[in-house]
Amino acid sequence: NKSRLRDSIRLLRRRRPSLDSSFSMNRKTNLERGWLFICVMMMMMPDVNSFMNLRLRDTKHHHRIRQGVLISPDELEKMPAQTEGSTVVVVGAGVGGLASACRIASSDEIRPYTKVIVLEKNPREMVGGRCGSFYRDVKGFGSFRHERGPSLLLLKDVYLELFDDCNRRAEDFGLEMKSCEPAYQVVFEDGDALFLGFPAVSETGESLKSAEQESRQKMNLFEIDGAKKWDEYMQSTEAFLDCGLPNFIEERLDLVSFPSFIREALKDGLKAWPLKPHSAVLDATFESEKMKALASFQDLYVGLEPFANNQQIFGGVVRKTAPAVFGLLAALELHPTNERAGVYAPIGGFQKVSKAFEALAIDCGVEIMYRKTITGISEEGVWITDENEKNSFIAADLVVCNADLPFATKTLMKKEGPSPPRYDWDSSFDYSSGVIAFHWSIDKKCDSLNTHNVFLIGADREKTEASWGAIRLNDPTIPSFEDEQHSFNFYVHRASCVDSTAAPEGCDAIMVLVPCCTLQRDKKLAQMSRELAIEGYSEQFSEAFISKVKASVLNRLAVLSDLKDLKDHIVDEVIDTPSTYADDYNVAAGTPFALSHGFGQLSLTRPAHQSKLDNTLFVGASTRPGNGVPLVLLGAKQVAQKAIIKLK
């Protein structure tokens with residue numbers, strides 16, 4: 001009732017005085033006050049339902065009270081002709097589900113008639129899905145915060161736009177983002193290290209000129225004119241970013257960006273042609289393998305490798321090789337002057353992002369129900385099982401499915417009645433790599449680490465290509481981790497570098513992400529109960545294998561002097577594998593990065609929002625436009641627009 005009353009008040013506040021005479025305006029004002037008083041009294045009465053279909057009308061100005069919401073004449077004229085309320089069910093309280101729910105619920109076109117319900121299988125503390133944080137309380141030290149999934153924030157304007165579109169302000173919901181300057185530290189296997197991502201105008205007010213100059217000198221040591229070539233590469237990738245982001249990701253036509261895009265693509269005899277394998281452009285631009293590694297490590301984020309695969313058509317760009325256009329990712333993170341570039345950290349961790357989205361949804365009138373597992377989606381609604389294994393059905397006019405698309409199409413989309421929860425996925429797609437995540441609580445400061453760090457291989461071409469084997473081959477034996485010197489790349493996050501709330505004073509919280517193979521689908525496990533399937537898949541990553549990975553990581557970290565004895569300072573450890581992500585989030589193949597982004601699964605060739613059921617739309621990392629929180633938010637905006645059209 002409070003939610004209905006709040007909606008009524010908002011509708012009246014949006015009214016503006018008309019050009020009627022002062023008598024008419026006063027009459028309108030008095031009428032509105034009268035109907036507001038009646039609405040308030042109705043909300044307070046114990047038997048509200050008897051009034052729900054009441055219509056009140058005077059000779060010139062009429063108002064309608066339906067489902068406890070007061071609608072003014074001007075609003076009524078704008079509303080579609082509906083006689084019954086609509087119900088929207090959102091499957092999953094990930095960022096895509098929450099953002100879609102917010103926009104649908106706050107729409108002026110349908111809000112008074114529409115009930116939006118979000119159903120989430122996990123408890124409330126896991127709202128946001130992979131976009132969230134968890135805490136580890138360590139006796140004698142205190143509380144350490146770790147990230148469940150994303151740890152760097154890009155395209156901050158996309159986050160803020162969600163609140164703007166709902167007529168709210170992000171700061172009122174506790175969302176604060178701080179620039180990470182410099183954006184990255186890159187560490188090679190031989191100990192060479194430098195920083196990347198120096199904004200021309202610092203948001204933190206710190207002077208970074210000396211650190212930037214040292215990094216540029218290091219580039220010149222890697223090869224002659226290395227820093228100059230880096231600037232040229234940033235120029236071409238910025239053109240790809242400025243054109244690719246609006247036209248192919250946000251799906252809005254921006255003709256102004258095409259001349260620069262075409263000029264960069266055609267210059268120097270197609271040197272930077274965006275449809276080539278990324279390695280072809282890197283080879284034409286740089287001589288040093290280290291410089292090539294600096295310019296391409298972001299390909300990992302979209303589930304691709306930079307190197308041409310001569311065993312596949314077009315050098316592999318249709319499936320697992322990144323086309324050169326993905327150089328736009330480097331510009332997005334590292335370009336010094338582009339207005340949309342930059343790497344940020346949410347203060348308080350990514351849980352603050354999800355909690356802000358949750359609070360926004362509730363403020364927009366969305367109902368969120370936790371510990372509700374969806375077991376089926378039909379044209380009539382959804383079947384759910386609660387924590388007591390009680391089955392029920394919720395009728396829905398529209399379903400927005402935020403469950404991972406390849407999982408949902410295989411296990412949820414059906415016409416028959418309720419069934420026990422299962423875990424399976426459509427293996428016909430190409431997937432990003434899996435990941436082994438080490439969450440370490442450390443009893444000392446790790447000052448040699450930046451907020452974001454990548455440890456890369458750059459000794460020679462053979463070893464550099466081998467370091468991407470987890471993506472190219474998706475083979476459980478590659479990398480083998482049989483010895484501590486083999487080639488692999490990995491990422492390290494140290495949150496307390498910009499946010500002191502992440503760890504107790506004098507301590508650090510470290511997350512290490514190591515690319516690995518995905519889960520290998522087993523037809524026998526697909527027929528078992530969900531519990532047995534997850535148990536079976538967990539055996540694909542043995543404790544012995546995990547121990548080898550950990551030893552290899554610690555050996556690589558030891559190139560930084562203050563991390564040589566890191567093993568002795570780990571006071572708490574949480575390890576996630578692909579089976580963990582499968583269990584917690586129902587992600588297909590256990591990969592937190594969803595479908596890869598080769599040309600066969602990019603833009604129009606990526607699975608569409610519309611499902612095979614007319615009443616169901618997909619949102620999330622495995623549908624358009626792609627993975628990563630900002631792209632999921634952009635997709636959620638597109639889905640909400642489609643949903644509103646369907647509900648009219």
Side-chain angles (χ1 to χ4, degrees), residues 95 125-154 156 159 170-171 173-185 187 195 197 203-204 206 333 342-358 435-455 490-514 550 553-554 557 560 562-563 566-576 580 584 592 629:
V95 292
E125 57 264 27
M126 294 181 70
V127 65
R130 286 160 281 168
C131 179
S133 315
F134 67 94
Y135 287 86
R136 298 289 290 182
D137 294 326
V138 182
K139 187 176 181 179
F141 295 96
S143 185
F144 294 79
R145 188 183 71 238
H146 299 277
E147 300 303 331
R148 297 186 183 280
S151 56
L152 56 84
L153 191 151
L154 306 174
K156 71 172 184 176
Y159 292 74
E171 54 265 35
F173 293 84
L175 183 57
E176 178 186 358
M177 296 171 279
K178 183 177 180 180
S179 177
C180 297
E181 302 173 6
Y184 280 97
Q185 178 180 218
V187 183
F195 292 99
E203 291 190 13
T204 64
E206 298 178 4
E333 293 188 335
V343 174
Y344 297 83
I347 301 303
F350 268 86
Q351 65 164 2
K352 282 290 190 178
V353 175
S354 295
K355 288 293 185 182
F357 290 170
E358 179 196 40
V435 68
I436 298 169
F438 297 96
H439 307 278
W440 291 332
S441 300
I442 310 295
D443 67 359
K444 70 169 187 174
K445 301 296 288 184
C446 302
D447 291 325
S448 62
L449 290 174
N450 192 40
T451 306
H452 306 292
N453 310 264
V454 285
F455 286 71
F490 63 98
Y491 164 86
V492 180
H493 177 235
R494 179 188 172 222
S496 58
C497 192
V498 293
D499 182 2
S500 61
T501 66
E505 186 176 355
C507 300
D508 258 324
I510 302 297
M511 177 177 70
V512 178
L513 301 181
V514 183
K550 179 179 177 179
V553 168
L554 289 170
L557 290 173
L560 299 179
D562 68 336
L563 302 184
L566 186 62
K567 181 180 179 181
D568 300 329
H569 293 274
I570 300 174
V571 295
D572 185 72
E573 177 180 67
V574 174
I575 302 173
D576 289 323
T580 310
D584 288 344
V629 178

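What you see is a predicted model; the values in this text were computed from it and never measured.
Residues passing the salt bridge (Lys or Arg N to Asp or Glu O under 4.0 Å) test with K352, sequence neighbours excluded: none. In this structure H493 satisfies the side chain to side chain donor-acceptor pair (under 3.5 Å) test with no other residue, sequence neighbours excluded. Scanning for side chain to side chain donor-acceptor pair (under 3.5 Å) contacts around E573 gives W440, K550, with sequence neighbours left out. Listed by chain and residue number, Y301, E333 satisfy the side chain to side chain donor-acceptor pair (under 3.5 Å) test with Y184 (two or more places apart in sequence, or in another chain). Under the salt bridge (Lys or Arg N to Asp or Glu O under 4.0 Å) criterion, D562 pairs with no residue at all, not counting sequence neighbours. T580 is linked by a side-chain contact (heavy atoms from CB on, under 4.5 Å) to D576, T577, D584, counting only residues two or more places apart in sequence or in another chain. For K444, the side chain to side chain donor-acceptor pair (under 3.5 Å) test picks out D565, with sequence neighbours left out. Shown here are the side-chain contact (heavy atoms from CB on, under 4.5 Å) partners of Y135, two or more places apart in sequence or in another chain: S143, R145, Q351. Under the rule for a side-chain contact (heavy atoms from CB on, under 4.5 Å), the partners of E176 that lie at least two apart in sequence or sit in another chain are I347. The side-chain contact (heavy atoms from CB on, under 4.5 Å) check on S354 picks up V95, V127, C131, with sequence neighbours excluded. Residues that satisfy the ring pair (Phe, Tyr, Trp, His ring centres under 6.0 Å) test with F141, not counting sequence neighbours, are absent from this structure.
Put simply, the side chain of V571 does not reach to within 4.5 Å of the side chain of I442, judged on heavy atoms. Contact annotation: the side chain of L563 approaches that of C446 to within less than 4.5 Å [non-hydrogen atoms, C-beta and beyond]. In this structure, the side chains of R494 and V492 stay at 4.5 Å or more apart for every pair of heavy atoms.
Aromatic ring pairs are classed by plane angle as parallel below 30°, tilted from 30° to 60° and perpendicular above 60°; the pair Y491 and H452 is parallel.
The list of salt bridge (Lys or Arg N to Asp or Glu O under 4.0 Å) pairs with a residue in residues 125-143, not counting sequence neighbours, reads R136-D572.
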